[in-house]
S.K.: 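Following this message is one structure expressed as structure tokens.
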Amino acid sequence: MCLITNLSFQNLCLKLSSAVCHGAKLALKHRPPIALSSNMMQTRGLAADSEDVVLSQDVGDKGILILNRPKALNAVNLPMVQKCHETLLKWEKEKSLVICKGAGDKAFCAGGDVKTITTSRSDEYGKRLFRIEYMMNCIIATYTIPYIALIDGITMGGGIGLSVHGHYRVATEKTLCAMPETAIGLFPDVGGSYFLSRLKGYVGIYLALTGFRLKGADNLFVGFATHYCPSSDIPKLEKELLSCKNPKEVLERFKRCPEGAKYTLEPYLNKIDNIFSAPTVEEIYERLEKDSSDWAKGTLLTLKKFCPLSLKITLKQLQLGSQLSIQECLQMEYRLACRSCDGYNFTEGVRALLVDKDQNPKWIPPTVEEVTQQMVDDFFAPLEPQEELKPRGGPKCSL
């Protein structure tokens, strides 16, 4: 068998679409929400039977949006983003406040349902999901009424997109946040080029490339969360928010970190700034190699497991995103998402980590050194005018 030894063949492979790379296995249908109990607090254990993957509860002039796939850790699929998108637009005109939370006791939202995207048969499923999801992210980022995300549990990828753009994000000791996309041949999307590039120092680039997991109060220190509340007190807080006139006043006492909390990344911030400020992935590797600490060795080992092309795309994405609006960032990311759906590495990464689970992805190209600038730039090229994402206008909203 001939081995891959030249860049021309690698470029060809990058442009090939996998037969299992796109679409939906099932026909997507909609129906009105089921009747809801008058007790709006009894929602933590809801199960996603039938098609009610998102529940919308009306509580007077306030609304509760519940991600209702607890067995899948509330990972978002196409019907979910469609329902969230439609409901948020409707409620913006009707409500004074929206709360978003996850069903069950394990997760707010563990991300996007990438397994369905890469193993289903329709060519357009993934692109449709990303398009509507990014439009929804922009709605949250420009929402004109208070949006409060209760991120009590696992919150990754698409879950961060459903929370970090909102006005208020309440973390608990159970919160676990990460953007782990480079491990599956993707990139930190859902506005990651916007919010990660605006974190203090170079922590955003570090989180984007390594997928480092932030636990509990870490999310308040880094900025993914705006408030912190013990998980056991979340039902009480929710009740107060549903009966308040000003959510800012209710949340005021939750602005502080819990007593004794320490920022996990604090001991490494100087190293992160010195190393991840490098302009290229190759130089980041070089700086890590020169650092003799166990932390640097472990970080380099982690990066070398991830998709080389994704690492380079991610670094460029954040470098550009730091100078772009949220709308421009999401438009750029949609271009990247379309190329990822059409390419090889995304499908291969999901196969290796989530489908076959052999933990042995065969990346193309296999090393950072073999990734050319042209390969990276091709992902950022404009789409056809009719295919471009057009998020709604308006500045990032801050109430």
Side-chain angles (χ1 to χ4, degrees), residues 30 32-46 48 52-70 74 76 80-105 107-109 135-153 155 159-172 175 224-255 392 394 396-399:
H30 301 281
I34 58 173
L36 297 168
S37 167
S38 59
N39 186 347
M40 295 301 175
M41 296 298 106
Q42 304 302 314
T43 57
R44 292 297 291 169
L46 287 171
D52 293 304
V53 290
V54 175
L55 302 177
S56 54
Q57 296 182 344
D58 290 281
V59 188
D61 69 338
K62 299 174 177 67
I64 308 174
L65 204 59
I66 305 171
L67 310 174
N68 191 36
R69 293 182 72 208
N74 300 317
V76 292
M80 291 177 78
V81 296
Q82 287 174 325
K83 178 67 178 291
C84 288
H85 182 274
E86 294 166 3
T87 303
L88 288 171
L89 283 176
K90 179 175 180 286
W91 279 355
E92 189 174 27
K93 301 174 182 177
E94 300 174 354
K95 304 295 183 184
S96 65
L97 175 151
V98 171
I99 294 173
C100 184
K101 65 179 185 177
D105 58 3
F108 170 70
C109 172
M135 298 282 276
M136 176 189 67
N137 297 146
C138 191
I139 289 170
I140 296 170
T142 58
Y143 220 41
T144 56
I145 61 173
Y147 178 94
I148 304 166
L150 303 178
I151 51 175
D152 183 24
T155 304
I160 294 183
L162 276 161
S163 56
V164 75
H165 299 295
H167 309 105
Y168 308 110
R169 293 91 64 186
V170 183
T172 74
T175 303
F224 282 175
T226 57
H227 297 79
Y228 183 95
C229 173
S231 181
S232 59
D233 290 342
I234 286 290
K236 181 181 177 182
L237 171 60
E238 182 180 337
K239 186 175 181 179
E240 289 184 46
L241 290 169
L242 291 173
S243 60
C244 77
K245 292 184 178 180
N246 186 346
K248 189 173 182 179
E249 293 178 358
V250 172
L251 291 166
E252 184 66 28
R253 69 181 187 274
F254 298 101
K255 290 177 68 174
R392 76 176 190 178
K396 177 104 171 64
C397 188
S398 179
L399 295 181

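Numbering starts at 1 and runs along the sequence shown. None of the values given here were measured: they were computed from a predicted structure. All heavy atoms count here, side chains included; hydrogens, waters and symmetry mates do not.
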S.K.: Under a 3.5 Å distance rule, please check whether Lys255 uses its side chain to pair with a backbone N or O of Tyr228 as donor and acceptor.
M.R.: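 Between the backbone of Tyr228 and the side chain of Lys255 there is no qualifying donor-acceptor contact (under 3.5 Å).
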S.K.: Excluding sequence neighbours, so at least two apart, what forms side-chain contact (heavy atoms from CB on, under 4.5 Å) with Glu94?
M.R.: Lys90, Trp91
S.K.: First locate atom CD1 of Ile148, then atom CG of Leu241, and finally report the distance between them rounded to the nearest 0.5 Å.
M.R.: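 Reported value, rounded in 0.5 Å steps: 4.5 Å.
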S.K.: Might you point out which heavy atoms bring Tyr147 and Gly166 nearest each other, and give the distance in Å?
M.R.: CD2-CA, 3.7 Å
S.K.: Could you state the interatomic distance from NZ (Lys62) to OG (Ser243), rounded to the nearest 0.5 Å?
M.R.: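 Separation between the atoms: 7.0 Å.
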S.K.: Counting only N and O atoms by type, is there a donor-acceptor contact under 3.5 Å from the side chain of Ser163 to the main-chain atoms of Arg169?
M.R.: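 No: the side chain of Ser163 does not pair with the backbone of Arg169.
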S.K.: Okay, side chain of Tyr168, backbone of Ile99: is any donor-acceptor separation there less than 3.5 Å?
M.R.: no
S.K.: Which pair of non-hydrogen atoms, one from Ala225 and one from Ala171, has the smallest distance, and what is that distance?
M.R.: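 Closest approach of Ala225 to Ala171: CB-CB, 3.7 Å.
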S.K.: Do His165 and Tyr143 have side chains that get closer than 4.5 Å, going by heavy atoms?
M.R.: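 Of all side-chain heavy-atom pairs linking Tyr143 with His165, none is under 4.5 Å.
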S.K.: If only atom types and distance count, is the side chain of Arg392 paired as donor or acceptor with the main-chain N or O of Thr142 below 3.5 Å?
M.R.: yes
S.K.: In Å and rounded to the nearest 0.5 Å, what is the CG to NZ distance from Leu150 to Lys101?
M.R.: 7.0 Å
S.K.: Rounded to the nearest 0.5 Å, what's the gap from NE2 on His167 to CD1 on Ile140? Could you check?
M.R.: 10.0 Å
S.K.: Does the side chain of Leu251 come within less than 4.5 Å of Leu237's, by heavy atoms?
M.R.: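 Yes - at least one pair of side-chain heavy atoms lies under 4.5 Å apart.
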S.K.: I'd like to check Lys95 versus Asp58 (side-chain heavy atoms, cut-off strictly below 4.5 Å). Are they in contact?
M.R.: yes
S.K.: Check this for me, if you would: do Lys83 and Asp52 make a salt bridge, where the nitrogen-to-carboxylate-oxygen distance has to be below 4.0 angstrom?
M.R.: no
S.K.: Quick one: are Phe224 and Ile151 in side-chain contact, heavy atoms under 4.5 Å?
M.R.: no
S.K.: Tell me the closest heavy-atom pair linking Cys244 and Val250, and the distance in Å.
M.R.: CB-CG2, 3.5 Å
S.K.: Output the distance between atom CZ (Phe108) and atom CG (Asn74), rounded to the nearest 0.5 Å.
M.R.: 8.5 Å
S.K.: Supply the atom-to-atom distance Arg253 CZ to His227 NE2, rounded to the nearest 0.5 angstrom.
M.R.: 10.5 Å
S.K.: Just by distance, do the side chain of Asp61 and the backbone of Ser96 share a donor-acceptor pair under 3.5 Å?
M.R.: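 Absent.
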S.K.: Specify the closest pair of heavy atoms between Arg69 and Val53, including all atoms of both residues, with the distance to one decimal.
M.R.: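 Taking Arg69 first and Val53 second, the nearest heavy atoms are CG-CG1, 3.8 Å.
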S.K.: Applying side-chain contact (heavy atoms from CB on, under 4.5 Å), run through Val164 and Thr155 and close with a yes or a no.
M.R.: CA-CA 10 Å; Val164 75; Thr155 304; over 6 Å; no
S.K.: With no hydrogens and no angle check, is any side-chain donor or acceptor of Thr87 less than 3.5 Å from a backbone partner on Cys84?
M.R.: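 Answer holds: no.
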S.K.: Would you say Leu162 and Leu65 make side-chain contact, with heavy atoms under 4.5 Å?
M.R.: no
S.K.: Main chain of Thr172, side chain of Asp152: is a donor-acceptor contact present, judged purely on distance under 3.5 Å?
M.R.: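 No; judged by distance alone, with no hydrogens or angles, the pair does not exist.
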